[in-house]
Each structure stands twice: as structure tokens, then as C-alpha cells.
Amino acid sequence: MNKKLITISIITLLQLAAVFAYIFIIADTDKQENKNHINYDESFSQADSEYYVYFYAENCEGCNSISDKIKEYVELKTTPIYFVKMDDEYNVNAWYNWNNHCRNNDIEIGSIDKSGNIVFYSGESMEKYQNGTIKNKFGQVIDFEILIADEDYIRKNSNALLGKVYAHNDTFEIDLLNTKEKDIKIPGIPLMLHIVDGKVTEYLYDLEINEFLASNLGE
């Protein structure tokens, strides 16, 4: 066999070795990711005494923006993360019902006059709902948004009347720190629960997760 053929054969073998190594790494990664994927109702029943549960979906822009940091954290840290994919059919049962929330918590506070101006009812005002003093039953300060009811809003709040003005309660009515596995509800994603000895000790939502990852990854 001449030297040229030997060289080609060696290069081919090296290329094949690289391909098989890549396939092994991908397969191992997929195996690990599948191992750490759970359903929402398994969030409190993992064997570890301390871990995080991360709720996400493939079509979630906020989730995709931190996916690389999540993977880096998994590789570098010893506290495990379990993943709940909220666009899986089984896990849709865990979504918080924002339509019910709107119907039960949004407040009609005014109407629109012929000139298109907001006329607030007696005792109501813009400032009343934007000064950060109104709290829900869990002691959380409620974020309000002042909305004029249109068709899109009425689809969320079937009690609303077209053209009326509403203080939309944008703070979920869930006590995540005292939630139980049987009644867990997820108001939005990305969301991460820190669970120690079967209890939620902390929850991080949206940008808070990015801050958590940045501080733990030394950024």
C-alpha cells in the first residue's frame, strides 16, 4: 500500500472517530436531559434533599434567551436541576388560569366619555392603583395595569363590558412558597423553584432567573 493511501486511510479513521465521539456526546447529553425531565406533579418527589425545578417551553422567548446559561449551570454546579416542559400535553394541567384570575380580580373603575377621556368612578383614580400600596391575601404588592376593555380583553374577562375602564390585576394569586404538589400552578415561564426537604424555599421568575444564573456563574 502506498503512502498516499495510508495517509487517506488514517484521515478517514480520524474523521470517523470524531463523528462517533460527537454522536456519543450528543447521546449522553440527551440521556442526561431526559433523565432530568419530570412532570409537574413530580416536582416535590425527587430523591435529592435540595434541587431546583425549572419550568420552560420550547416556544418561550425568555426561556430560550437563558438556555445556554441553564446548561452551563447544570455542568458546573452540584445542585441538580429538574426540567418541566410546560408545552407537553400532560403538563398543561399545571398552568395558572389567567382568565379566571381576570374575572375574579380585575376591577371596573370607570368609563370613556364622548370625547374619549377616562371618567373615573367616585373613589377611583389612576394613582390609587399605581402607588404600590394594595396587597393581595398573601401580602404581595399587586401590579395593576389600567385598561380600556376591547374585544381582546373581554375574551380574557368575560365579565367586562366594552369601553369600560378596568384596573387589571397582573399579580398571580398563588402562594408559591407554601404550594403543595397536588395544587401546584404555574403563572408563567421561565419559572424556577428552589426545593429543600420537599418545600419551596425560593422562587425565581423571568429576569430573576437570569440574575441568579449570572451571579452563580461569576458574570
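The figures here come from the full heavy-atom set of this structure, side chains too, leaving out hydrogens, waters and symmetry mates.
- When all heavy atoms of V141 and T171 are compared, the pair lying nearest together is O-OG1, 3.6 Å.
- Counting heavy atoms from C-beta outward, E89 and N91 have side chains that stay 4.5 Å or more apart.
- Side chains of E72 and L217 form a contact here, defined as non-hydrogen atoms less than 4.5 Å apart.
- When every heavy atom of K185 is checked against every heavy atom of W95, the shortest pair comes out as CD-O, 3.8 Å.
- You'll find the ring centres of H194 and Y203 outside the 6.0 Å limit.
- In the hydrophobic clustering, where aliphatic and aromatic side chains (Ile, Leu, Val, Met, Phe, Trp, Tyr) are joined below 4.5 Å either directly or transitively, F144 groups with I107, I109, I112, I118, F120, M126, Y129, I134, I142, I146, I148, V165.
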*Worked verdict on N64 versus Y56 for side chain to side chain donor-acceptor pair (under 3.5 Å)*: CA-CA 9 Å; N64 293 333; Y56 78 105; over 6 Å; no

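- A single hydrophobic cluster is seen to contain both V84 and L176, as judged by linkage of ILVMFWY side chains at heavy-atom distances under 4.5 Å, directly or through other members.
- Here the side chain of W98 pairs no donor or acceptor atom with the backbone of K156 at under 3.5 angstrom.
- Residues Y54 and P190 share a closest heavy-atom pair of OH-CB, 3.6 Å.
- You'll find the side chain of S49 stays beyond 4.5 Å of the side chain of V196, heavy atoms only.
- Contact annotation: the side chain of N216 approaches that of Y73 to within less than 4.5 Å [non-hydrogen atoms, C-beta and beyond].
- Within the 4.5 Å cutoff, the side chain of N178 has heavy atoms near those of the D175 side chain.
- Pairs of residues two or more places apart, or lying in two chains, that qualify as salt bridge (charged side-chain N to carboxylate O under 4.0 Å, His left out) and include a residue from residues 126-135 are E124-K128.
- How far SG of C63 is from CD of E61: 10.0 Å, rounded to the nearest 0.5 Å.
- If you check the side chains of N210 and K69, you find a donor sitting under 3.5 Å from an acceptor.
- Taking CG from L213 and NZ from K71, the interatomic distance works out to 13.5 Å, rounded to the nearest 0.5 Å.
- I66 and L207 are assigned to two separate hydrophobic clusters, defined by single-linkage of ILVMFWY side chains at heavy-atom distances under 4.5 Å.
- Checking side-chain atoms of D106 against main-chain N and O of N169 turns up a donor-acceptor pair under 3.5 Å.
- Shown here for A149 and Y166, the closest heavy-atom pair between the two residues is CB-CE1, 3.7 Å.
- When hydrophobic clusters are built by joining Ile, Leu, Val, Met, Phe, Trp and Tyr residues whose side-chain heavy atoms come closer than 4.5 Å, directly or via intermediates, F138 is not grouped with L204.
- When each of Y82, F83, F212 is paired with Y52, the ring pair (Phe, Tyr, Trp, His ring centres under 6.0 Å) condition holds for F212 and for no other.
- One hydrophobic cluster, built from ILVMFWY side chains closer than 4.5 Å, cannot hold both L162 and L147; they sit in different ones.
- Residue R155 holds its CZ atom at 13.0 Å from SG of C102, rounded to the nearest 0.5 Å.
- Closest of all the heavy-atom pairs between I184 and L193 is CD1-CD1, 4.0 Å.
- Looking only at side-chain heavy atoms (C-beta outward), V53 and I195 come within less than 4.5 Å of each other.
- Within the structure, salt bridge (charged side-chain N to carboxylate O under 4.0 Å, His left out) contacts touching residues 193-212 (residues at least two apart or in different chains) do not occur.
- Checked against the 6.0 Å centroid threshold, Y40 and F55 do not count as a close aromatic pair.
- Atom CD in Q130 sits 11.5 Å away from atom OG1 in T133 (nearest 0.5 Å).
- The backbone N or O of E50 sits nowhere less than 3.5 Å from a side-chain atom of D48 that would complete a donor-acceptor pair.
- Checking side-chain atoms of N39 against main-chain N and O of D41 turns up no donor-acceptor pair under 3.5 Å.
- In this structure, the side chain of D88 does not engage the main chain of Y90 through any donor-acceptor pair within 3.5 Å.
- Taking each heavy atom of Q46 and I38 in turn, the nearest pair found is NE2-CG2, 3.7 Å.
- At a threshold of 4.5 Å between non-hydrogen side-chain atoms, the residues I70 and M192 count as touching.
- Hydrophobic clustering, with ILVMFWY side chains joined whenever heavy atoms are under 4.5 angstrom apart, groups V92 together with M86.
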*asked:* Between I81 and Y51, is the side-chain contact (heavy atoms from CB on, under 4.5 Å) condition met? List the steps.
replied: CA-CA 6 Å; I81 294 182; Y51 56 92; over 6 Å; no

